[in-house]
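Worksheet for the structure shown next.
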Amino acid sequence: MPLTLLQTLAAPFRRPLSFHRRSGSKSTVTAPRSPDAAKQVGTPSSATNALIGDAGGIPVVDFSGFLDGSAKQQTSTAILDSFKRFGFVYLKNYGIPTEKVDEMFDWSKKFFAQPMQVKMLAPHPGVPHINRGYVAPGVEKFTQSNDSEEVAQLRNKEPDLIENFSCGHDESVLGKNIWLPEGVLPGFNEACQDFYWKCYEVEISILRTVAVGLGIPEDHLAKSHSGRDQSLRLMHYPAVPAKKLVEGEMSRIGAHSDFSSITLLFQDDVGGLEVEHPDHPGEFMSVPPVLGAVMVNAGDFLQRWSNDQIRSALHRVRAPPGMTDGMTPDRYSIPYFCSTDFDLTVDCLPGTYSDSNPKKYEPITVSTHGVATSLPRLSVTRTRR
Ligand SMILES: O=C(O)CCC(=O)C(=O)O
Ligand SMILES: [Fe+2]
């Protein structure tokens, strides 16, 4: 990729916006807890003053030391270590005030509370890889499988119980935004756009920490993420009988890994998110929401980019922990999927390969990677329109 093109793409777009693994799962386990999170996750002592605890075994890191420059290296090491071991990390003091996140959740609730005919004024186009517009409950089913027979069988099973609304940048190959018509839910479209750019700032800071952790130039990853090909998705899981989720008769979101660089995952206080245990494939750890923290996970593309040093972990949403009877509460979450510009070719990151540990992957663009790995998976979703 010529440098000039890289530089052009590195200039952020501005408002207005417009490996892998088996499916299947076993039991849920809780990672052993200890009062000393640093010890528990085997984190080097240099990272301890950025670590402020753990939740369900996954480190909680105070991001302010990176943002104000007082603990850049420690914060970066803590985040990178957690990405390498778990593929996930919680961040506190990451730069978006809690009230802003709460406001976005309020908008999400208002949107999903609209009658179906209103939500369908911004319909998803029905093309699997396009993250735009509203997808009604009963349309999607998530899987990690690329096996056509397994996928065909899944299509005949109950879909995931989820509705969602996605938006992004109008100039993305993911397509132009599909908004509600003007005058319907005034303020909603603007709130989504505003939140998108707030998330973008956090994304860039996190990508900088990963680079610092890896000991490469701080802007190495950030400069490949112009902000054009990200997606903000509002998710709503309606209330369902807990028993059906526990017995596997219904599912909220099936086990999957995310596809691109990193995901910021904002969740309400309902719980139910589970992450595959790093030492016990097929077993899942229950990871609770942490007040004021955003969960961040690495995606398949970052795993590949880091020559498999960073883990893109399977995760899923089940019944809230301990709940086996009665109706579950509704669950709302807001993932923000971060991607390198889709047309940019990236090679394994410097320092992640050597003569004794050669590159496992050829240079690739996100689009090629996506077509090879994600489209078969996506094809099982959005099949029931
Ligand atoms: O709702 C959640 O907490 C998980 C969402 C998720 O994993 C996804 O949309 O990729
Ligand atoms: Fe996900």
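Counting starts at 1 for both ligands and their atoms, in listed order.
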For [X], the ligand 1 atoms whose distance to one of its heavy atoms is below 4.0 Å:
{"X": "S333", "value": "1 (O), 2 (C), 3 (O)"}
{"X": "H315", "value": "7 (O)"}
{"X": "R331", "value": "1 (O), 2 (C), 3 (O)"}
{"X": "P335", "value": "9 (O)"}
{"X": "H256", "value": "6 (C), 7 (O), 8 (C), 10 (O)"}
{"X": "V317", "value": "1 (O), 2 (C), 3 (O), 4 (C)"}
{"X": "F337", "value": "8 (C), 9 (O), 10 (O)"}

#### Entry: the Fe ion (ligand 2) - closest N/O/S atom in H315
NE2
## Note on the structure
Looking at D258, the N/O/S atom that lies nearest to the Fe ion (ligand 2) is called OD1
### Heavy atom of Q267, distance to ligand 1 below 4.0 Å
no
### Query
For R331, which of V240, I162, V317 qualifies under side-chain contact (heavy atoms from CB on, under 4.5 Å)?
V317
Check residues 90-105 and write down every donor-acceptor pair under 3.5 Å in which the side-chain atom is one partner and the other belongs to a residue at least two apart or another chain.
unit_1 : atom_1 : unit_2 : atom_2 : d
Y90    : OH     : P288   : O      : 2.5
K92    : NZ     : L291   : O      : 3.2
N93    : ND2    : D62    : OD1    : 3.1
K100   : NZ     : E103   : OE1    : 3.2

### Query
Looking only at heavy atoms, is any part of L265 under 4.0 Å from ligand 1, and if so is it the side chain, the backbone, or both, or is it neither?
side chain
### Summary
Residue set satisfying side-chain hydrogen bond (donor to acceptor under 3.5 Å, both in side chains) with K359, at least two apart, ordered chain then number -> D347
### Query
Hey, is ligand 1 close enough to R233 that some N/O pair sits below 3.5 Å?
no
### Query
Any N/O of Y237 closer than 3.5 Å to an N/O of ligand 1?
yes
Are [X] and [Y] close enough that their ring centers fall under 6.0 Å?
{"X": "Y200", "Y": "Y336", "value": "no"}
{"X": "F266", "Y": "F195", "value": "yes"}
{"X": "F88", "Y": "H315", "value": "yes"}

### Query
If you look at every heavy atom in M285 and H277, which pair is closest and at what distance?
CG-CD2, 3.6 Å
### Task
Can you measure from CG (L174) to OG (S339) and round to the nearest 0.5 angstrom?
7.5 Å
### Query
Relative to each other, are the rings of W305 and F301 parallel, tilted or perpendicular (30° and 60° limits)?
tilted
